[in-house]
Novice: 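Before anything else, here's the structure in question.
Order of the sequence lines sets the chain letters (A, B, ...), proteins ahead of strands, with each chain counted from 1. The model shown is predicted, which means the values in this text are computed figures rather than measured ones.
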Number of protein chains: 2
Amino acid sequence: MRSRKRSDGPSQPPGDGETVEAEPDGGRDWRKRRTRRALINAALALLEGERSFSSLSLREVARGARITPAAFYRHFSGMEELGHALIEDSFESLHEMMRKARAGGLPSTRMIRASVKVFLDHVGAHRAHFSFIAKERFSGSTVIRVAIRKEVRLWVGELAVDLSRFPALGKFSAEDLQMLAGLMVNVVVAASELVLDTPPKDKEALTRIYRHAEKQMRLVMLGAGAWDSSRSSG
Amino acid sequence: MRSRKRSDGPSQPPGDGETVEAEPDGGRDWRKRRTRRALINAALALLEGERSFSSLSLREVARGARITPAAFYRHFSGMEELGHALIEDSFESLHEMMRKARAGGLPSTRMIRASVKVFLDHVGAHRAHFSFIAKERFSGSTVIRVAIRKEVRLWVGELAVDLSRFPALGKFSAEDLQMLAGLMVNVVVAASELVLDTPPKDKEALTRIYRHAEKQMRLVMLGAGAWDSSRSSG
DNA sequence: AAAAGCGGTAAACAAGTGTTGACTGACATG
DNA sequence: CATGTCAGTCAACACTTGTTTACCGCTTTT
């Protein structure tokens, strides 16, 4: 049915539904991908405010992309399919973030704490995508929720692998490594959600959130240093 | 038609058979409170599934309460006011639980960990309420989000006060106590959200979540034991 | 017993919704 | 050049939505 297109990278500023950057060859399929992206951006723009995806109407999104509602169906069978495209688009941003965080080399106390800043900066720079994820994490349809959950679990798993190469964590069992990674991800996710609920220009509140999260991360690592998996009998 | 308990009351105080207020006298204001509650319950029932509050329609809720849409306005000025009533109702059960958790006496390592179970049990027993809170925490309108945030912050503050009476935490500054309390609340909130996304009969998955959260809480307390606020330059 | 208060119904309103069908015109292919 | 493909418009369909108006009947009060 729908062959995978060229990986249309997520655009950054979905301010208006029709700004798209790609190599313009003016062709027909190029034009189609162009308005497809306009639809995604229009949805993200609407979602950046208070609206939730389930409250978005098909006509509204089409309007934001300067398209008639009937033309919407040339790209998606309905809103649900648009939702999937939004997930794909947003997770591309999430994966980029994960790649960025792991690029620092072997894990170390300093690097882990630095990652907090990298994550939160990335979230702040891609508000629309992460705002969508944060909202739909618990509020969306089941398929969307499980997709998001899968990605978070994957993220935790990768972090656990990274942590296993951290010599100071020798006393951790495999399960406890997952537990630790989950705790760390929790800290970052919670801080991300605070960042999303803070106006970007309120630098003071943002640095307060950053410092808060970094402290929490440090405390968690302190606890990890004192942990002994052999004592973890339920 | 999903009826909650036999009693329409949101939460009956642990008092014994002594009924002090709201005895069914069939009077007019009693009848009014009765349908008001029917509206709240109808909304909660709709919210218990995949729906989000913002996607709920006034007529839909009225229909669920077997009421004409016009009669809805006899109780609430609109959906937003219903939202506030839902928050009030939901946090009433939360406060009830917090009272229960603090009644155990002075905080101790054992009690803190036991509180995890108490809390998660409570969440599981009041799915509709906490499902609403979890969904609207990031997805709702600003006023609702702010209201929820205020309650959570209040909760963190109370926990920080309790922790300050914990002799082992002498090295914590006031700010760091908030940080620690925030971290602990994060652990419980994250676990709660997992509980809400798990079918109640899947006991195995639930106990896994419980154990996970308890471990995380223990690790946090381990970290707190090694914390030194004087080192928190930042 | 009469009057007032008030929770409820029924009907109507404009406005917005998802979806369909017929049509159009620029592009791609023969 | 001719032709078919197809992203797009336009109009109409049968809804559902929030809100207002008038009215009814039971409680409460006078």
Side-chain angles (χ1 to χ4, degrees), chain A residues 1-3 5-6 8 16-18 20 22-43 46-47 49-86 141, chain B residues 8 22-43 46-47 49-86 140-141 143-144:
Chain A
M1 281 298 185
R2 200 161 60 83
S3 61
K5 318 265 168 71
R6 290 187 64 83
D8 293 339
D16 193 23
E18 60 176 354
V20 171
E23 20 187 337
D25 50 11
R28 192 158 61 178
D29 61 337
W30 172 84
R31 203 171 280 242
K32 175 160 185 174
R33 275 181 301 183
R34 174 188 163 94
T35 77
R36 179 190 150 97
R37 179 122 286 281
L39 283 169
I40 292 178
N41 286 346
L46 289 169
L47 254 34
E50 301 207 345
R51 312 287 306 279
S52 72
F53 181 73
S54 58
S55 77
L56 252 55
S57 77
L58 187 150
R59 290 179 110 103
E60 204 172 2
V61 175
R63 210 178 302 134
R66 307 190 194 288
I67 290 290
T68 37
F72 179 100
Y73 293 99
R74 302 288 185 202
H75 303 268
F76 305 101
S77 67
M79 286 298 287
E80 177 156 336
E81 201 164 295
L82 210 213
H84 283 68
L86 282 181
S141 67
Chain B
D8 273 337
E23 42 188 308
D25 51 4
R28 192 157 62 179
D29 61 335
W30 173 83
R31 202 170 281 243
K32 174 158 185 177
R33 274 182 299 184
R34 176 186 161 93
T35 78
R36 179 191 151 98
R37 179 121 287 279
L39 283 168
I40 292 178
N41 286 346
L46 289 167
L47 255 33
E50 301 208 343
R51 312 286 308 279
S52 73
F53 182 75
S54 58
S55 78
L56 251 55
S57 76
L58 186 149
R59 290 179 108 104
E60 204 172 3
V61 176
R63 210 179 301 135
R66 308 190 192 285
I67 290 292
T68 304
F72 179 101
Y73 292 99
R74 303 288 187 202
H75 302 269
F76 306 102
S77 66
M79 286 297 287
E80 177 155 312
E81 202 165 293
L82 209 212
H84 280 82
L86 282 181
S141 69
V143 283
I144 289 187

Novice: Check step by step if side chain to side chain contact (heavy atoms under 4.5 Å, CB included) holds for R36(A) and F76(A).
Specialist: CA-CA 9 Å; R36(A) 179 190 150 97; F76(A) 305 101; 3.4 Å; yes
Novice: Nearest-Å distance, CG (L39(A)) to P (dA7(D))?
Specialist: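 My rounded result for the distance is 13 Å.
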Novice: Has Y73(A) got a side-chain N or O lying under 4.0 Å from the OP1 or OP2 atom of dT20(C)?
Specialist: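 Checking Y73(A) against dT20(C): no side-chain N or O falls below 4.0 Å of OP1 or OP2.
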Novice: Only Watson-Crick and G-U wobble pairs, only distances under 3.5 Å, only runs of 3 or more: what stems does that leave for DNA chain D?
Specialist: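 DNA chain D forms these stems: C:1-12 with D:19-30, C:14-17 with D:14-17, C:19-30 with D:1-12.
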Novice: Which value, rounded to the nearest 0.5 Å, describes the distance between E81(B) atom CD and H75(B) atom NE2?
Specialist: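 One finds 11.5 Å between CD of E81(B) and NE2 of H75(B).
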Novice: As an exercise, state the distance from CG of L82(B) to CG of L56(B), rounded to the nearest 0.5 Å.
Specialist: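 So the CG of L82(B) and the CG of L56(B) are separated by 8.5 Å.
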Novice: Could you tell me the separation between the CG atom of D29(B) and the P atom of dC26(D), rounded to a whole number of Å?
Specialist: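 So the two atoms are 19 Å apart, to the nearest Å.
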Novice: Sugar-phosphate means primed atoms, P, OP1 and OP2; the rest is base. With that split, encode nucleotides 4-17 of chain C 5' to 3' as B, S or - using protein heavy atoms under 4.0 Å.
Specialist: -BSBBBB-B----B
Novice: Using whole Å, what does the distance between atom C1' of nucleotide dA28(C) and atom CH2 of W30(A) come to?
Specialist: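 Those two atoms, CH2 and C1', are 17 Å apart.
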Novice: Is a donor from one side chain sitting under 3.5 angstrom from an acceptor on the other, for S54(B) and S52(A)?
Specialist: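 Yes, a side-chain donor-acceptor pair sits under 3.5 Å.
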Novice: Starting at CG of L47(A), measure out to CZ of F53(A) and round the result to the nearest 0.5 Å.
Specialist: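 The CZ atom of F53(A) is 7.5 Å from CG of L47(A), to the nearest 0.5 Å.
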Novice: Looking at CG of D29(B) and CZ of R34(B), how far apart are the two atoms once the value is rounded to the nearest 0.5 Å?
Specialist: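 Atom-to-atom, D29(B):CG and R34(B):CZ are 13.5 Å apart.
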Novice: Atom CG of N41(B) and atom CZ of R37(B): how far apart are they, to the nearest 0.5 Å?
Specialist: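 Answer for the CG-CZ pair, N41(B) versus R37(B), is 5.0 Å.
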Novice: With sugar-phosphate meaning primed atoms plus P, OP1 and OP2, does G27(B) contact a base, only sugar-phosphate, or nothing at under 4.0 Å between heavy atoms?
Specialist: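 Sugar-phosphate contact only - G27(B) comes under 4.0 Å of backbone atoms but never of a base.
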